[in-house]
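Worksheet: the structure to be examined is printed underneath.
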Amino acid sequence: MTDATYIAERQVEYWTSRQIEEFFLNAGHQILVYPIEQRIERYLPTDFLYNIDSPIKLFGIQYKALYHNGSDYWKLDQRQHDTLDSFPFTVTLHSASNSSGFD
């Protein structure tokens, strides 16, 4: 069996990002959502940046799909952890078919 995800990471990114955007819009905030290209993620470890009301309110989310091949795991190495730690406004969202967690 080869490594596979339960849900495609891009689907989770889209669904979750749209819900975050809708939440802030429904709460009366202005929000801009910036999708980040994969080649830029090495320097800015986020899949989406969210700018709420002003340039000061900014956060990013890095999505990680749950893989399985006999056991469940996320493809995240020490270099990625170190890079994420250097950007305090970035949250890592681990996704699965029925659960998600935050780092």
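- Tyr43 and Ile36 fall into different hydrophobic clusters, defined by Ile, Leu, Val, Met, Phe, Trp and Tyr side-chain heavy atoms under 4.5 Å apart, directly or through other members.
- For the atom pair Phe23 CZ and Arg18 CZ, the distance stands at 14.5 Å (nearest 0.5 Å).
- In this structure, CD on Gln30 lies 8.0 Å from CG on Leu32, to the nearest 0.5 angstrom.
- With sequence neighbours excluded, the residues that form a ring pair (Phe, Tyr, Trp, His ring centres under 6.0 Å) with Tyr50 are Phe59.
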Test side-chain contact (heavy atoms from CB on, under 4.5 Å) applied to Leu49 and Val33, step by step: CA-CA 6 Å; Leu49 277 176; Val33 181; over 6 Å; no

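- For the pair Ile61/Asp47, no side-chain contact is recorded, criterion being any heavy-atom separation below 4.5 Å from C-beta on.
- Screening Leu44, Asn51, Thr46 for a side-chain contact (heavy atoms from CB on, under 4.5 Å) with Tyr34, the sole residue that qualifies is Asn51.
- Residues meeting the side-chain contact (heavy atoms from CB on, under 4.5 Å) test with Gln19, sequence neighbours left out: Glu22.
- In this structure, the separation between CD1 on Ile20 and CG on Leu25 is 12.0 Å, given to the nearest 0.5 Å.
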